[in-house]
Amino acid sequence: MQGLDHTLRYLSLHDNRYLRYFKGHTQQVTTLCLSPKNDLFMSAAQDRQVRLWDLRTNICQGLLTVPGQQPCAAFDQQGLVFGVGTDKGVLKLFDVRSYAQGPFDAFTVAPELQTHAAFSHIQFSADGKLMLCVAEGHVYQLDAYNGNLQQTYSTGVPQGALGLGAVFSPDSNYILSGCADKSISIWSTRTGQKVHIFTGHAGVPTTLQWHPRRMLVASACNALAFWTPDPKKLAPPSYSYPMQ
């Protein structure tokens, strides 16, 4: 959670009280990301800062100043690498243990090179082989090792609008994203084809999460919805779905 003064608040759901306050950002926080392996988490804000924190102390553990009005950040599934999305289609990769030395690699998403759009969301797949990044009406699927653009998916969001949330399935075989027509599209990361659509939201779903161990998707517009994907509709008959 963040307050009106851009302070991050660590809330205990057990007794509904704040355990810790994390102060440092001076403008709106746009990204919060927990490490999958330890107590580290990251925040990115419109003050062009990416900050690393430890849940056990309110002292900032690291600070990066990056280009772009609205940076976003994400850890990989091993908690060893984090990516930062900046402006003009640039993604920078940092080693968690030596981020102060600068990025060890950088990718450029060619279609965004000449635009002024900022990435609104990035994510690593669970198997570590893929990345996705969202800019305006496009979800880009990249090779996480060399940055090659593999697929581009359209969500129908107009130019200049903030991109919608997107997420990998736990087996890395699918990407889900909200769309401008209030639906949720599911694409195969292997073929790039749209394999299924969820409909029923009254507004445009801006946020999605897939349960890490179950066939359950949560999405939100001004209301929260839960979905149970049918593996038979997502995969060809010869494919044995791993999350049954």
Heavy-atom donor-acceptor pair, [X] side chain to [Y] backbone, under 3.5 Å:
X	Y	answer
Thr86	Val90	yes
Thr207	Gly165	no
Lys182	Ala202	yes
Thr155	Cys179	no
His211	Arg213	yes
Gln123	Phe168	yes
Gln61	Leu40	no
Thr30	Ala44	yes

Measure the shortest side-chain to side-chain distance between [X] and [Y] over non-hydrogen atoms and say whether it is less than 4.5 angstrom.
X	Y	answer
Ile175	Val167	no
Ile186	Lys194	no
Tyr174	His196	no
Ser172	Thr189	no
Met131	Leu91	yes
Asp95	Val81	no
Val139	Thr152	no
Ile122	Leu132	no

| request: Rounded to the nearest 0.5 Å, what's the gap from CH2 on Trp210 to OG on Ser169? Could you check? | output: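 One gets 5.0 Å once the value is rounded to the nearest 0.5 Å.
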| message | Can you tell me how far apart OG (Ser177) and CD1 (Ile184) are? Round to the nearest 0.5 Å. | response |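 Reported value, rounded in 0.5 Å steps: 9.0 Å.
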Minimum heavy-atom distance between [X] and [Y], given as atom pair plus value:
X	Y	result
Gly147	Leu142	O-CD2, 4.0 Å
Ala166	His121	O-NE2, 2.9 Å
Leu164	Gly178	CD1-O, 3.2 Å
Ser43	Trp53	OG-NE1, 2.9 Å
Ala118	Gln70	CB-O, 4.1 Å
Cys33	Ala74	SG-CA, 3.7 Å

| message | Show, in sequence, the C-alpha distance, side-chain angles and deciding distance for Asp15 and Ser12, and conclude whether the side chain to side chain donor-acceptor pair (under 3.5 Å) test is met. | response | CA-CA 6 Å; Asp15 50 10; Ser12 169; 2.9 Å; yes
| query | Stepwise, does the side-chain contact (heavy atoms from CB on, under 4.5 Å) test hold for Leu8 with Val29? | reply | CA-CA 9 Å; Leu8 305 176; Val29 175; 3.9 Å; yes
According to the interplanar angle, ranging from 0 to 90°, do the rings of [X] and [Y] count as parallel (below 30°), tilted (30 to 60°) or perpendicular (above 60°)?
X	Y	value
Trp187	Tyr153	parallel
Phe82	Phe94	parallel
Tyr18	Tyr21	tilted

Is there a path from [X] to [Y] through hydrophobic residues (I, L, V, M, F, W, Y) whose side chains come within less than 4.5 Å of each other?
X	Y	result
Val157	Val204	yes
Tyr140	Phe124	yes
Val134	Val109	no
Leu63	Leu32	no
Tyr99	Val66	yes

Donor-acceptor list for residues 215-229 side chains, cut-off 3.5 Å, not counting sequence neighbours:
{"residue": "Ser219", "atom": "OG", "partner": "His201", "partner atom": "NE2", "Å": "2.7"}
{"residue": "Ser219", "atom": "OG", "partner": "Trp227", "partner atom": "NE1", "Å": "2.7"}

| task | Check side-chain hydrogen bond (donor to acceptor under 3.5 Å, both in side chains) between Arg51 and all other residues, then give those that pass, not counting sequence neighbours. | result |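 For Arg51 the side-chain hydrogen bond (donor to acceptor under 3.5 Å, both in side chains) partners, ignoring immediate neighbours, are Gln49.
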| query | Step by step, would you call Gln141 with Gln150 a side chain to side chain donor-acceptor pair (under 3.5 Å)? | reply | CA-CA 6 Å; Gln141 176 185 317; Gln150 296 181 339; 2.9 Å; yes
| field | Inter- and intrachain pairs under salt bridge (charged side-chain N to carboxylate O under 4.0 Å, His left out), touching residues 20-39, at least two apart | value |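 Found Asp39-Arg56.
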| field | Inter- and intrachain pairs under salt bridge (charged side-chain N to carboxylate O under 4.0 Å, His left out), touching residues 68-88, at least two apart | value |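 Of all non-adjacent pairs touching residues 68-88, none passes salt bridge (charged side-chain N to carboxylate O under 4.0 Å, His left out).
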| request: Begin from the C-alpha positions of Ile59 and Phe22 and carry the test side-chain contact (heavy atoms from CB on, under 4.5 Å) through to its verdict. | output: CA-CA 7 Å; Ile59 299 174; Phe22 303 93; over 6 Å; no
| field | side chain to side chain contact (heavy atoms under 4.5 Å, CB included) partners for Thr115, two or more places apart | value |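 Listed in chain order: Glu112, Ala117.
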| request: Apply the test side-chain contact (heavy atoms from CB on, under 4.5 Å) to residues Tyr10 and Leu55: give CA-CA distance (whole Å), side-chain angles for both, the deciding distance (0.1 Å), then the verdict. | output: CA-CA 8 Å; Tyr10 183 21; Leu55 288 171; 4.1 Å; yes
| request: For Asp181, check salt bridge (Lys or Arg N to Asp or Glu O under 4.0 Å) against everything at least two apart and list the hits. | output: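 Scan of Asp181 (salt bridge (Lys or Arg N to Asp or Glu O under 4.0 Å), adjacent residues dropped) gives none.
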| message | Taking side-chain hydrogen bond (donor to acceptor under 3.5 Å, both in side chains) as the criterion, tell me which of Gln27, His25, His6 meets it with Asp47. | response |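 Option passing the side-chain hydrogen bond (donor to acceptor under 3.5 Å, both in side chains) with Asp47: His25.
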